[in-house]
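Numbers restart at 1 for each chain; the letters A, B, ... are given by sequence-line order, proteins then strands.
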Amino acid sequence: MPLSLYNSLTRRKEPFTPLSPGEVKMYCCGVTAYDYCHLGHARSYIVWDTVRRYLMWRGYQVRYVQNFTDIDDKILNRARQENSTMQTVADRYTQAYFEDMARLNILEADVYTYATQTLDGIQRLIRELEQKGIAYPANGDVYYAVRKFDGYGKLSGRKLEDMQAGASGRVTTDATDGSIKRDPFDFALWKGAKPGEPFWESPWGPGRPGWHIECSAMVREQFGNTIDIHVGGADLIFPHHENEIAQSEAATGHPLSRYWLHNGMVNVGGEKMSKSLGNFTTIRALLDAPDGPDPMALRLFVLQAQYRKPIDFTDAAIASAKNSWHTLQEGLRFGYTSGAALGWTDVDNPDFGNAGAMRIDRTSATVQAFEATMDDDFNTPGAIAILFDLAKELRRARNLIVHEGQADVSPEQLRQDWQTLVCLAQVLGLEAQPETASTTSALTDAAIEELIAQRQAARQAKNFAEGDRIRDELQAQGITLIDKPGGVTEWHR
RNA sequence: GGCGACAUAGCCAAGUGGUAAGGCAGAGGUCUGCAAAACCUCCAUUCCCCGGUUCGAAUCCGGGUGUCGCCUCCA
């Protein structure tokens, strides 16, 4: 069964066939580096990271390019506020971006592009558009004449006439924004620098590029005329991606991208999370909160909804994701917690638990079901349900081993299940680290046994308060006690 | 006003013609001094509403209602 994905350009699901067999050229619109990333950004990059991972799992060689917009009015405003420079501000938030994404287990792009490093390509593109009569200079600015491009509106499904007619109340103010545009929908390719603003020299005078042109130039520089998949937030469809298409296709005469994928928004109380509404939570604020979720729980929160649908960010949703992650995590740690008890001989191997080193049966019913689900436009909620089946099976086995001494499934079968879980989870970017010493206790086994004996004595003396105190003390150090019939107390870390 | 989505249990969420996955929360039972952990079991006769097509619809068609996004920077 082929991988099919929903193409915003055609507004339907289509089978995926790349330009060159086995290779995928993928471009993702990145952030404007003027502030810390919020959960909307988190969702977008988690989703595209997952798509990329799945394509790789499916055997495609993926070349993934993402940009940083480091020239922009908002960065400029920020720099002015702090009496700093655009570059300083952009560098700071670019660095923060890398930190946040690493925590969310988002793979680094093959190439990161920066507006400040693409000036030549940008100017070349603008010049071509100018030569073709599609761009026109005006007072140091350069604008794109949208009416010169027949396909304008094909991605967002709108017509200039409709926008003009309907937008009467909102765009009329355009008439006062200088009136140097020939049409209110024309957009800036180049902005002339006002006194005191940073600038780059150009054939049209000193200035800086408009926002949309950088992506067109970057894609062309990195990939050529046409790529396979162009992704970004749904809020970029218009005008950003529409304008990218207009710029690139008018210049090259070729389709910019064969498939356009867009992720749904993160909502708060039913409204889009955004800077302008002020209802945003940054990734780091959420993760660093006293009772904040594990980054993997956040990842799970995002992937438990289909990527095109809106998701509502609420405390309850995060709490649910935390608990869900706990279950998955237990399953993922199965090899570390129970492998030795099952007689697995390679638990001390450096590669033990490493998905990349595992061999699993890709024809198994479980893997086939996972692929069939993911093939349907990256149905991660369905895929996660499969992960839960495996994780619960493993958790059950682990508990049987802890409580009864042995599981009711063969070590070989458990090995296969565990490896399948680890590998499939990794495709979704969900990974659990083995419990480290810091999360468990520094107590020696002997010390623990001694405390348990003390508790046993207290309980026999009906001094339950003391007994419970010892139990709580051990629990606080990550030691769980299990009182079994017959006065026997077992424990595990 | 234009364009586009979506509406499934207390909450989140799959499922696009064959009789409702999964997660969270909750309930009961076993066990316990009480717990915890664990194990077992239960938890939508029904998919926003009204019509229609069909042997059969959450799924298709028509109409309605509601919510959201985009039309300005936005992941």
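Between H262(A) and H241(A), the distance separating the two ring centers is shorter than 6.0 angstrom. The six-membered or imidazole ring of Y36(A) lies away from that of F280(A), with a centre-to-centre distance of 6.0 Å or more. Between Y112(A) and Y64(A), the distance separating the two ring centers is not shorter than 6.0 angstrom. Checked against the 6.0 Å centroid threshold, F187(A) and H212(A) count as a close aromatic pair.
Taking atom CG of residue L300(A) and atom P of nucleotide C24(B), one finds them 10 Å apart after rounding to whole Å. E161(A) places its CD atom 14 Å from the C1' atom of C71(B), with the value rounded to the nearest Å. Rounded to whole Å, atom P of A5(B) lies 17 Å from atom CZ of F238(A). In this structure, CG of N279(A) is placed 13 Å from P of C68(B), rounded to the nearest angstrom. Between D389(A) atom CG and A21(B) atom P the separation is 12 Å, expressed in whole Å.
In this structure, of A14(B), A75(B), G22(B), it is A14(B) that holds the atom nearest to the side chain of N379(A). Here the nucleotide nearest the side chain of F185(A), chosen from G33(B), U72(B), C24(B), is U72(B). Side-chain proximity of N263(A) to the nucleotides A75(B), A5(B), G15(B) is greatest for A75(B). Checked against G2(B), C73(B), C34(B), the side chain of R158(A) finds its nearest nucleotide in G2(B). Distance from the side chain of Q306(A) is smallest to A14(B) among G23(B), C70(B), A14(B). Each of G15(B), C24(B), G69(B) was ranked by its minimum atom distance to the side chain of D376(A); first place goes to G15(B).
Here U67(B) sits opposite A5(B) as a Watson-Crick or G-U wobble pair (both hydrogen-bonding atom distances under 3.5 Å). If you check G51(B) for Watson-Crick or wobble pairing at under 3.5 angstrom, you find it paired to C61(B). A 3.5 Å limit on both hydrogen-bonding distances identifies no Watson-Crick or G-U partner for A20(B). Across all strands shown, U30(B) pairs with A38(B); the Watson-Crick or G-U wobble distances both stay below 3.5 Å. Figure legend. U45(B) is base-paired to no nucleotide; pairs are counted as Watson-Crick or G-U wobble with both atom distances under 3.5 Å.
As judged by a 4.0 angstrom heavy-atom cut-off over every strand, I384(A) is placed among residues making no nucleic acid contact. Among the heavy atoms of the strands, none lies under 4.0 Å from R78(A). Within the 4.0 angstrom heavy-atom criterion, no nucleotide atom of any strand lies near H262(A). Here D72(A) lies out of heavy-atom contact (under 4.0 Å) with every strand. Within 4.0 Å of T373(A), counting heavy atoms only, lies no atom of the nucleic acid at all. When heavy atoms are screened at a 4.0 angstrom cut-off, D235(A) is found touching base atoms of the nucleic acid. When heavy atoms are screened at a 4.0 angstrom cut-off, K275(A) is found touching no nucleic acid atom at all. G40(A) comes within contact range of at least one nucleobase, with a heavy-atom separation under 4.0 Å. Using a 4.0 Å heavy-atom cutoff across all strands shown, F388(A) reaches sugar-phosphate atoms only and no base atom. Within the nucleic acid shown, V266(A) comes within 4.0 Å of at least one base atom, counting heavy atoms only.
To the nearest 0.5 Å, the span separating OH on Y259(A) from CG on L5(A) amounts to 6.5 Å. To the nearest 0.5 Å, the span separating OG1 on T32(A) from OH on Y97(A) amounts to 12.0 Å.
With centroids closer than 5.5 Å and planes inclined by less than 30 degrees as the test, Y45(A) and the base of A75(B) fail to qualify as a stacked pair.
Contact annotation: N267(A) side-chain N/O to G69(B) OP1/OP2 distance is not under 4.0 Å. Between R396(A) and C40(B) there is a side-chain N or O to OP1 or OP2 distance below 4.0 Å. Within the 4.0 Å cut-off from OP1 or OP2 of A25(B), not a single side-chain nitrogen or oxygen of S324(A) is found. Contact check, K392(A) against G23(B): a side-chain N or O comes under 4.0 Å of OP1 or OP2. The phosphate of U16(B) has neither OP1 nor OP2 within less than 4.0 Å of any side-chain N or O from K13(A). K309(A) has no side-chain polar atom (N or O) that falls below the 4.0 Å cut-off from OP1 or OP2 of C68(B). Contact between the side-chain N/O atoms of N399(A) and the OP1/OP2 oxygens of A37(B) is not found at any separation under 4.0 Å.
Across the C1' atoms, A38(B) and C31(B) are found 9 Å apart, a figure rounded to whole Å. Nucleotides A58(B) and A20(B), compared at atom P, are 10 Å apart to the nearest Å. Here, A21(B) and C12(B) have their C1' atoms 14 Å apart, quoted to the whole Å.
Residue D468(A) places a side-chain atom within donor-acceptor reach of the base of G33(B), judged by atom type and a 3.5 Å distance cut-off alone. Side-chain atoms of R471(A) and base atoms of C34(B) include a donor and an acceptor less than 3.5 Å apart.
Between Y45(A) and H41(A), the ring planes are parallel. Angles under 30° get that label, and only those over 60° would be called perpendicular.
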- Query: Are E431(A) and N105(A) close enough, and set up right, to give a side chain to side chain donor-acceptor pair (under 3.5 Å), and what steps lead you there?
  - Reply: CA-CA 8 Å; E431(A) 293 177 43; N105(A) 203 24; 3.0 Å; yes
